[in-house]
Amino acid sequence: MEFTKMHGLGNDFIVVFGEKQLPADAAELAVKWCNRFFGIGADGLVYILPSEKADFQMRIMNSDGSEAEQCGNAIRCVAKYVYDHGHVTSEQITIETIGAGVQPVTLNVLDGKVATVRVDMGEPILDGLQVPTTVDANPVVDHSIEANGQEFKFTAVSMGNPHAVIYVDDAVNFDLATWGPLLEVHPMFPKKINVEFATVRDRGFVDMRVWERGAGPTLACGTGACATLVSSVLNGHTDRTAVISLKGGDLHIEWNEADNHVYMTGPAEVVFKGYTS
Ligand SMILES: N[C@@H](CCC[C@H](N)C(=O)O)C(=O)O
């Protein structure tokens, strides 16, 4: 099996092209190949598949073998892959995701190289039951949650996949390893959840660290950055455009007032190509 190792701000993926559909053993392959000691090592396994509705379809398996509905960093990698390999020639393409439908993508190409990728991530879902959470409210903002005797306040946002955004004093030094796993599987989240810990620096800049559902602490999360910006607007912390600064680097996020869509701009990189069985 030929694969390409790629990343978006250090959120890394094993990218496979050429299958006609998601292999039946994709979950087991994700666990095996994503293992950082006995496998290739990655946060997720990404398949680029044919689509009847878009240029291509993306399917993503987390490193624990669970399938995610959407992935912001992976969709930028997929766009770069299909452009670099000549599978598309336009700089405006579409990619189908299972959780967020068909997403328009713009490749910003400089001197023949993909510099950044801008993705129309669609409309955020703010209805608590649809995110899903067990909270019957729309939106779910600054809602109390308790884990191990500690109270947090979360804002719930789905970008096709579920997120809980929690504001803390110092996201950069936050104890992710203690609180991330407890909140990921909290009973308030029927499909588990990605948890973002955020600290607002000013109305255009937010530090964020993420504990991802099915993958643990990653260096960046594109959908998490979108959810953080939406949450920050809902909470009155930021304007509708802000830099979300992650451990692996910065993403530029806009929640457009006119069309209610969230736009994400950031890089995508190839690390190496390889073969595995
Ligand atoms: N890192 C991703 C999100 C990957 C899926 C997530 N762990 C989930 O299960 O929803 C991103 O960049 O958005």
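Just follow the structure's listing: the first ligand is 1, and inside any ligand the first atom is 1.
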[X] neighbourhood, listing ligand 1 atoms whose heavy-atom distance to it stays under 4.0 Å:
X      : value
Ala68  : 5 (C), 8 (C), 9 (O), 10 (O)
Gly72  : 11 (C), 12 (O), 13 (O)
Cys221 : 1 (N), 2 (C), 3 (C), 11 (C), 12 (O), 13 (O)

**Asked** So between Val210, Asn194, Asn73, whose heavy atom ends up nearest atom 6 (C) of ligand 1?
**Response** Asn194

**Per atom 1 (N) of ligand 1, closest listed option by heavy atom (Asn11, Leu251, Leu9, Thr218)** = Asn11

To which protein heavy atom is [atom] closest, and what is the distance rounded to 0.1 Å?
atom                    : value
atom 12 (O) of ligand 1 : Gly222 N, 2.6 Å
atom 3 (C) of ligand 1  : Glu212 OE1, 3.4 Å
atom 2 (C) of ligand 1  : Cys71 SG, 3.0 Å
atom 13 (O) of ligand 1 : Thr223 OG1, 2.6 Å

**Request:** Take every heavy atom of Gly214, measure it against each atom of ligand 1, and state whether any distance is under 4.0 Å.
**Result:** no

Less than 3.5 Å apart, any donor N or O on the side chain of [X] or [Y] sitting next to an acceptor on the other?
X      : Y      : answer
Gln103 : Gln70  : yes
Thr223 : His163 : yes
Ser51  : Glu96  : yes
Ser144 : Lys153 : no

**Prompt:** Can you find an N or O of Gln70 that's nearer than 3.5 Å to an N or O of ligand 1?
**Reply:** no

**Prompt:** Is the gap between the ring centers of His237 and Tyr167 under 6.0 Å?
**Reply:** yes

**Asked** Are Val230 and Ile166 joined in one hydrophobic group, where the rule is that I, L, V, M, F, W and Y side chains link up if heavy atoms are under 4.5 Å apart?
**Response** no

**Item:** Pair Asp43-Thr218, side-chain hydrogen bond (donor to acceptor under 3.5 Å, both in side chains): steps then yes or no
**Value:** CA-CA 7 Å; Asp43 295 323; Thr218 63; 5.0 Å; no

**Fill in**
Note: Ala215, heavy atoms under 4.0 Å from ligand 1, region reported as neither

**Prompt:** With under 30° as parallel and over 60° as perpendicular, where do the rings of Phe154 and Phe189 fit, or are they tilted in between?
**Reply:** perpendicular

